[in-house]
Amino acid sequence: MAEPMMRVENLHAFYGKSHVLHGVDLVIGKGEIVSLLGRNGVGRSTTVKAIMGLVDTVTGSVRFDGDELLGLQAYEIAHRGIGYVPENRDIFPTLTVEQNLVLGLKGKDAGRWSMDDMYRMFPRLLERQHTQAGVLSGGEQQMLTLCRTLMGDPEFIMIDEPTEGLAPKIVEQVGEFLMELKSRGVSVLLVEQKLAIALQISQRVYVMGHGHIVFEGTPQDLRDDEAVRKEWLEV
């Protein structure tokens, strides 16, 4: 594994009195794509929200480049160089595609990503650059959400269910997008249900069940472990 960038240890999270995460441990190396797999309701989205400071009650440790994040506000965590793409495709519907992208900029200094990069990766966004985001298709909104997050030039990005409900061609584009992140040294924690894409692009995978990690290994390890796939992943 590459040198650790994000290290999560003994993470517990609560919604009110409901205990959702039960001692989650994760490590993501620099420039690594790691997938977090599991069925709906096992705590995958809560894990990334807890890392991002979006869950009220969290205990344990979340260290990014050696610095503790637990207890910081979400905007403070984002300023450390962490991007988050939620599953609800959070865009500004009355603004154009290009205005949404400009809002993603962290500052005036150029980062590793430009507007041209966004339009090259997703040509459909160039075609729709002057269109209000609220009238885009679901796939186009997902492209926009991914790109707007990148405009902030994060070192590490967490992406929650980016291929949910998308057509196969757009799923393929999202996969290519993720590989470009890796090629530019961005670490990725990917929450995903589609096993095929996760195994194709990830260096390592974790599987969650009932609020804790039940498997950690390489994609090939998971391919070889039929028992884990049947118990924790197959419907």
Side-chain angles (χ1 to χ4, degrees), residues 1-2 4-9 11-13 20-21 24-38 40 42-56 58 60-91 104 106 111-113 141-164 166 174-175 177-182 184-194 197-198 201-208 211-213 216:
M1 187 190 71
M5 173 168 272
M6 174 70 72
R7 184 181 295 275
V8 176
E9 295 179 318
L11 191 68
H12 292 255
V20 180
L21 301 183
V24 171
D25 295 302
L26 299 169
V27 178
I28 298 92
K30 291 186 177 180
E32 189 178 38
I33 297 179
V34 174
S35 286
L36 183 58
L37 307 172
N40 286 333
V42 299
R44 295 171 305 140
S45 293
T46 299
T47 298
V48 294
K49 288 176 181 177
I51 293 171
M52 201 65 203
L54 298 172
V55 178
D56 288 340
V58 181
S61 177
V62 177
R63 301 189 72 83
F64 179 66
D65 272 346
D67 295 329
E68 182 62 55
L69 299 182
L70 218 61
L72 299 181
Q73 297 296 312
Y75 73 89
E76 296 174 311
I77 293 171
H79 286 166
R80 300 291 181 97
I82 299 176
Y84 170 53
V85 180
E87 61 181 327
N88 62 359
R89 299 170 187 167
D90 190 15
I91 48 104
K106 185 181 290 184
R112 78 189 80 188
W113 306 96
Q141 289 185 3
Q142 185 63 282
M143 296 173 193
L144 179 57
T145 305
L146 291 166
C147 290
R148 192 186 68 196
T149 302
L150 273 197
M151 292 298 287
D153 200 24
E155 296 287 336
F156 174 79
I157 185 169
M158 298 183 292
I159 308 176
D160 195 354
E161 298 281 14
T163 65
E164 179 69 23
L166 300 186
V174 171
F177 168 90
L178 293 169
M179 292 306 296
E180 176 132 4
L181 297 189
K182 182 179 183 300
R184 298 208 189 188
V186 179
S187 302
V188 179
L189 177 58
L190 174 67
V191 173
E192 185 55 73
Q193 272 200 311
K194 290 185 174 63
I197 190 171
I201 68 173
S202 303
Q203 282 71 62
R204 291 183 302 111
V205 296
Y206 290 92
V207 178
M208 284 195 78
H212 64 281
I213 301 299
E216 174 190 356

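Nothing fancy with the numbering, it's 1 onward along the sequence. If you're wondering where the values come from, they're calculated on a predicted model, not measured in any experiment.
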Atom pairs and distances, donor-acceptor, side-chain atoms in residues 44-52, under 3.5 Å, two or more places apart:
residue: Arg44; atom: NE; partner: Gly38; partner atom: O; Å: 3.2
residue: Arg44; atom: NH1; partner: Glu161; partner atom: OE2; Å: 3.2
residue: Arg44; atom: NH1; partner: Glu192; partner atom: O; Å: 3.2
residue: Arg44; atom: NH2; partner: Asn40; partner atom: OD1; Å: 3.4
residue: Arg44; atom: NH2; partner: Glu161; partner atom: OE2; Å: 2.9
residue: Ser45; atom: OG; partner: Asp160; partner atom: OD1; Å: 3.3
residue: Ser45; atom: OG; partner: Asp160; partner atom: OD2; Å: 2.7
residue: Thr46; atom: OG1; partner: Tyr15; partner atom: OH; Å: 3.3
residue: Thr47; atom: OG1; partner: Gly43; partner atom: O; Å: 2.8

> Tell me, do Asp25 and Leu11 make a side-chain contact under 4.5 Å, heavy atoms counted?
Replying inline: no

> Do Lys30 side-chain atoms and Gly185 backbone N/O form a donor-acceptor pair below 3.5 Å?
Replying inline: no

> Atom CG of Leu37 and atom OG of Ser202: how far apart are they, to the nearest 0.5 Å?
Replying inline: 7.0 Å

>> I'd like to know if the side chain of Glu68 and the backbone of Leu70 have a donor-acceptor N/O pair within less than 3.5 Å.
In response: yes

> Does the side chain of Met158 come within less than 4.5 Å of Val191's, by heavy atoms?
Replying inline: no

> Any donor and acceptor pair, going by atom type alone, linking the side chain of Arg148 with main-chain N or O of Asp90 inside 3.5 Å?
Replying inline: yes

> Any sub-3.5 Å donor-acceptor pair from Ser187's side-chain atoms to Gly29's backbone N or O?
Replying inline: yes

>> Do Lys182 and Val188 make a side-chain contact, defined as non-hydrogen atoms from C-beta onward lying under 4.5 Å apart?
In response: no

>> Using the side-chain contact (heavy atoms from CB on, under 4.5 Å) criterion, which residues pair with Arg184? Sequence neighbours excluded.
In response: Arg112, Trp113, Asp117, Arg120, Glu180

> Is the NZ atom of Lys194 crowded by more than 12 outside heavy atoms at less than 6.0 Å?
Replying inline: yes

> To the nearest 0.5 Å, how far apart are CG in Leu189 and CD1 in Ile159?
Replying inline: 9.0 Å

>> Looking at Tyr206 and Val27, would you say the former's side chain and the latter's main chain have a donor-acceptor pair under 3.5 Å?
In response: yes

> Between Arg80 (side chain) and Leu69 (backbone), is there a donor-acceptor pair under 3.5 Å?
Replying inline: no

> So do Glu155 and Met5 actually touch side chain to side chain, heavy atoms under 4.5 Å?
Replying inline: yes

> Does any non-hydrogen side-chain atom of Leu181 lie less than 4.5 Å from one of Leu150?
Replying inline: yes

